[in-house]
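What follows is a set of notes on a single structure, which appears directly below.
Residue numbers start from 1 in every chain, and the chains themselves are labelled A, B, ... in the order their sequence lines are given, proteins ahead of strands.
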Number of protein chains: 2
Amino acid sequence: MRSEDIAKLAGVSRSTVSRVINNYPNVPPTTRDKVLKVIEQHQYQPNSYARALAGKGTNTIGLFVVSTAEKTAGNRIYQNNYFAPFVESVVDTANSLGYYVLIHTLYALEDYQKVKQACLQKRIDGAIMVGTRKQVEVIRELVSLEAPIVLIDYDIGEIIGNRLDRSNVSVINSKDYDGAVEAVEHLITLGHRKIGMINGSVNTFSGSERYKAYESVLQSHGLPIEPHYILNGEFLKQNAYHEVKGLLASGQELPTAFFTANDDMAAAAYEAFKEFGFSIPNDISIVGFDDGPIATQLAPKLTTVQVPIYDMSKEAVHKVVALCEQTVTAFSTVSFPAPLIVRDSCRQL
Amino acid sequence: MRSEDIAKLAGVSRSTVSRVINNYPNVPPTTRDKVLKVIEQHQYQPNSYARALAGKGTNTIGLFVVSTAEKTAGNRIYQNNYFAPFVESVVDTANSLGYYVLIHTLYALEDYQKVKQACLQKRIDGAIMVGTRKQVEVIRELVSLEAPIVLIDYDIGEIIGNRLDRSNVSVINSKDYDGAVEAVEHLITLGHRKIGMINGSVNTFSGSERYKAYESVLQSHGLPIEPHYILNGEFLKQNAYHEVKGLLASGQELPTAFFTANDDMAAAAYEAFKEFGFSIPNDISIVGFDDGPIATQLAPKLTTVQVPIYDMSKEAVHKVVALCEQTVTAFSTVSFPAPLIVRDSCRQL
DNA sequence: CTGAAAGCGCTTACAG
DNA sequence: CTGAAAGCGCTTACAG
């Protein structure tokens with residue numbers, strides 16, 4: 001069923017059919033109704049490709065999620081609990097705005113070509129990227145495509161410093177630095193002096209912010225930064241688990257608390273410590289980051305910094321759509337607060 | 001940059017450019033290389049819409065995930081831990097096969113129109129649907145569209161009984177009945193006689209299979225089915241939590257074990273029982289279903305039936321793609337085994 | 001208010 | 001081996 005067929009059945013021309021579909025004002029109600037009826041009857045839907053080709057947008061945005069893990073490994077992106085709410089929220093918001101979403105997972109550096117490809121092939125009107133590593137060159141290339149692109153969790157300083165603050169880009173972050181400061185201060189307030197950290201990926205914006213905050217709070221309190229207190233988890237559960245196990249097995253002196261760069265690694269730490277016979281928070285205090293569903297599923301419930309994923313992803317969608325529809329035509333950036341949620345995983349010393 | 005431009009730069013016609021792009025055999029290597037070089041230089045990518053319009057497929061499949069929850073509620077689909085691995089796995093598999101995936105979440109009955117729309121608008125070559133409720137009419141309508149469609153978790157009997165086993169459809173399931181039988185038998189072997197169930201959605205295929213198996217095993221062992229032992233969780237954590245709390249508060253006699261229709265509800269049961277001062281598995285044994293990441297995160301680790309989500313979603317993608325590319329042209333169905341994974345949440349009475 | 005026609009950027013018989 | 005041309009199904013000035 002093509003518009004031509006509808007036109008014939010309704011006794012009008014394709015032009016008129018197109019006009020009613022696109023809600024042009026210059027169609028008298030009777031004509032409109034006549035056409036609409038035929039469309040309804042035959043469940044006609046205009047071919048999206050033809051529309052796109054003829055100049056209408058595609059009404060689809062791309063969602064590119066950068067994996068923290070290798071593709072080959074069993075540990076894929078879904079191991080990051082932020083993946084699900086993120087995707088879900090982006091899809092919902094986009095759908096409610098009349099947009100479809102094309103989703104892609106990025107593992108290796110060369111996968112960024114996929115983003116470029118999707119833009120160049122005009123499959124999408126704009127893109128949202130989450131979890132990008134510090135890779136200005138890649139970003140520069142993408143930005144130069146002129147397609148609307150919103151980056152979630154990316155260093156604004158780097159964007160601006162490299163003159164990448166073009167009118168087709170937007171950056172959405174959470175205030176991870178502040179949240180991390182609050183978390184570590186909380187531990188100090190509870191009397192902790194020996195505070196370790198299970199690190200995320202420092203080549204990630206949020207990862208480095210979280211670490212910098214940790215470092216800075218310790219320093220500002222005159223507390224030493226013990227290298228063996230800093231575990232390299234790379235945001236991955238397995239890594240965190242093995243690192244904690246390793247520390248435990250080494251017999252080295254332990255900190256009394258750990259600030260963990262995400263909830264997943266906190267969960268892994270729970271596991272490792274429990275297997276070692278430690279009880280939380282009696283023998284070790286733990287603070288997470290993300291406040292994903294797992295935070296309240298853990299026993300004891302995890303004290304953690306809340307990243308407002310829903311707000312962020314919603315904002316991201318609204319932003320790309322605005323950019324696509326030319327409602328917004330300037331570089332913009334938003335940073336959402338990331339408050340500490342105190343629960344039961346830390347004790348007063 | 002259009003194929004015309006490439007053609008000019010390479011000193012050939014659009015036809016030839018198209019031939020090299022589509023890997024036609026009748027292009028001599030020298031011509032091919034010449035064209036390829038220009039394409040490379042200019043990072044040319046053929047407009048996907050024009051290609052699609054001209055007869056090539058769109059190379060994108062639709063992934064429609066039916067939510068267990070209402071859209072308005074805070075409890076959205078991502079609360080189901082199967083969402084993430086599912087989406088992730090479908091996306092990965094599709095991508096590796098050169099397909100893009102359009103993702104959509106379905107909340108209400110009218111959202112099924114979206115599936116139809118996407119097909120009718122030719123946005124997708126085929127669709128995968130997960131979590132569909134028992135709704136033959138909807139399925140019938142979708143199937144009649146002639147677009148390739150693979151249903152995950154749907155009653156094959158219903159499909160066949162309604163002559164919906166058309167050549168454009170395929171059904172992928174896991175053997176939930178067998179898995180559930182194994183789970184309940186395991187409890188009985190451990191000496192349990194008073195076995196409750198936290199039910200999923202019975203209007204879902206897997207939900208009803210899991211329940212039927214429970215019922216049938218109890219009956220076959222001559223054990224009574226106590227109505228107040230059967231809690232209505234609808235696959236949702238909150239519901240399960242409240243149901244358990246309610247049972248606990250009612251002061252009624254408790255079963256010694258619960259078979260739970262998914263891991264999420266098992267986690268909720270853990271929470272409710274723990275808050276009541278119960279210890280697992282000492283005071284109550286619990287078996288889950290899914291074997292999602294949460295199963296091993298819970299303490300004690302959850303004994304649960306494993307649903308091979310990866311295998312299922314991979315198979316689903318391969319199937320739609322085969323259907324799209326006409327490699328397969330007959331109704332087909334696959335059921336994956338769902339074995340019981342024994343861990344630490346059940347005790348010998 | 002409405003139709004004929006050009007154009008969007010490809011692919012693919014067809015002819016040579 | 002290769003080009004000219006028709007066609008895919010729309011939209012949108014343009015003319016009336």
Side-chain angles (χ1 to χ4, degrees), chain A residues 1-36 38-39 42-60 100 117-125 147 325, chain B residues 1-36 38-39 42-60 98 100 117-125 147 325-326:
Chain A
M1 188 68 39
R2 304 155 305 139
S3 70
E4 171 104 53
D5 303 319
I6 299 296
K8 265 191 200 127
L9 290 167
V12 296
S13 71
R14 272 143 73 219
S15 315
T16 299
V17 171
S18 184
R19 285 189 192 101
V20 350
I21 287 173
N22 292 295
N23 270 313
Y24 277 36
N26 55 351
V27 180
T30 31
T31 312
R32 173 180 306 277
D33 289 350
K34 194 171 55 180
V35 174
L36 245 22
V38 179
I39 289 182
H42 296 268
Q43 302 199 102
Y44 167 72
Q45 290 281 349
N47 180 307
S48 60
Y49 294 114
R51 292 193 89 181
L53 234 202
K56 294 289 189 188
T58 70
N59 276 286
T60 109
Y100 285 83
Q117 214 173 66
C119 289
L120 255 18
Q121 294 181 344
K122 305 282 182 212
R123 283 182 184 274
I124 54 178
D125 293 340
E325 298 178 351
Chain B
M1 188 70 37
R2 304 155 306 141
S3 71
E4 171 104 53
D5 303 317
I6 299 296
K8 264 190 200 126
L9 290 167
V12 297
S13 70
R14 274 144 71 221
S15 316
T16 301
V17 171
S18 184
R19 283 187 194 105
V20 349
I21 286 172
N22 292 295
N23 271 313
Y24 277 36
N26 55 350
V27 181
T30 31
T31 311
R32 173 179 306 276
D33 290 348
K34 196 170 52 181
V35 174
L36 246 21
V38 179
I39 288 181
H42 297 267
Q43 303 198 102
Y44 167 72
Q45 289 281 348
N47 180 307
S48 59
Y49 294 115
R51 292 192 89 182
L53 234 203
K56 294 289 189 185
T58 70
N59 275 286
T60 109
Y100 285 84
Q117 213 174 65
C119 289
L120 253 19
Q121 294 180 344
K122 303 286 181 208
R123 283 183 185 275
I124 54 177
D125 293 341
E325 299 178 350
Q326 316 262 18

Subject >> Minimum-distance pair of heavy atoms, taken over all atoms of Ile124(A) and Cys119(A) >> reply: CD1-SG, 4.0 Å
Original post:
If pairs are Watson-Crick or G-U with both distances under 3.5 Å, what is the dot-bracket string of DNA chain C, marking crossing pairs with [ ] and pairs to another strand with |?
Top reply: |||.||||||||.|||
Original post:
Mind checking what makes salt bridge (Lys or Arg N to Asp or Glu O under 4.0 Å) contact with Arg32(A), not counting sequence neighbours?
Top reply: none
**OP:** Treat primed atoms plus P, OP1 and OP2 as sugar-phosphate and everything else as base, then score nucleotides 9-16 of chain D 5' to 3': B for base contact with protein heavy atoms under 4.0 Å, S for sugar-phosphate contact only, - for none.
**Re:** BBBBB---
**OP:** Using salt bridge (Lys or Arg N to Asp or Glu O under 4.0 Å) as the criterion, list what pairs up with Asp5(B), not counting sequence neighbours.
**Re:** Arg2(B)
Original post:
Does Ser13(A) put a side-chain nitrogen or oxygen below 4.0 Å from OP1 or OP2 of dA4(C)?
Top reply: no
Original post:
Given side chains that start at C-beta, do those of Leu120(A) and Met1(B) come closer than 4.5 Å, heavy atoms only?
Top reply: no
Original post:
Has the side chain of Asp125(B) got a donor or acceptor atom that lies under 3.5 Å from a matching backbone atom of Gly57(B)?
Top reply: no
Subject >> Residue list, side chain to side chain donor-acceptor pair (under 3.5 Å) with Gln121(A), at least two apart or on another chain >> reply: Arg123(A), Gln45(B)
Solution key, residues 9-19 of chain B side-chain donor-acceptor pairs under 3.5 Å, sequence neighbours excluded:
| unit_1 | atom_1 | unit_2 | atom_2 | d |
| --- | --- | --- | --- | --- |
| Ser13(B) | OG | Ser15(B) | N | 3.4 |
| Ser13(B) | OG | Thr16(B) | N | 3.4 |
| Ser18(B) | OG | Asn22(B) | ND2 | 3.4 |

**OP:** Between dT2(C) and dA6(C), how far apart are the P atoms? Round to whole Å, please.
**Re:** 22 Å
Subject >> Atom NZ of Lys122(B): over 12 foreign heavy atoms under 6.0 Å >> reply: no
Original post:
When we call it a touch if two heavy atoms are under 4.0 Å apart, what does Ser48(B) touch: a base, just sugar-phosphate, or nothing?
Top reply: nothing
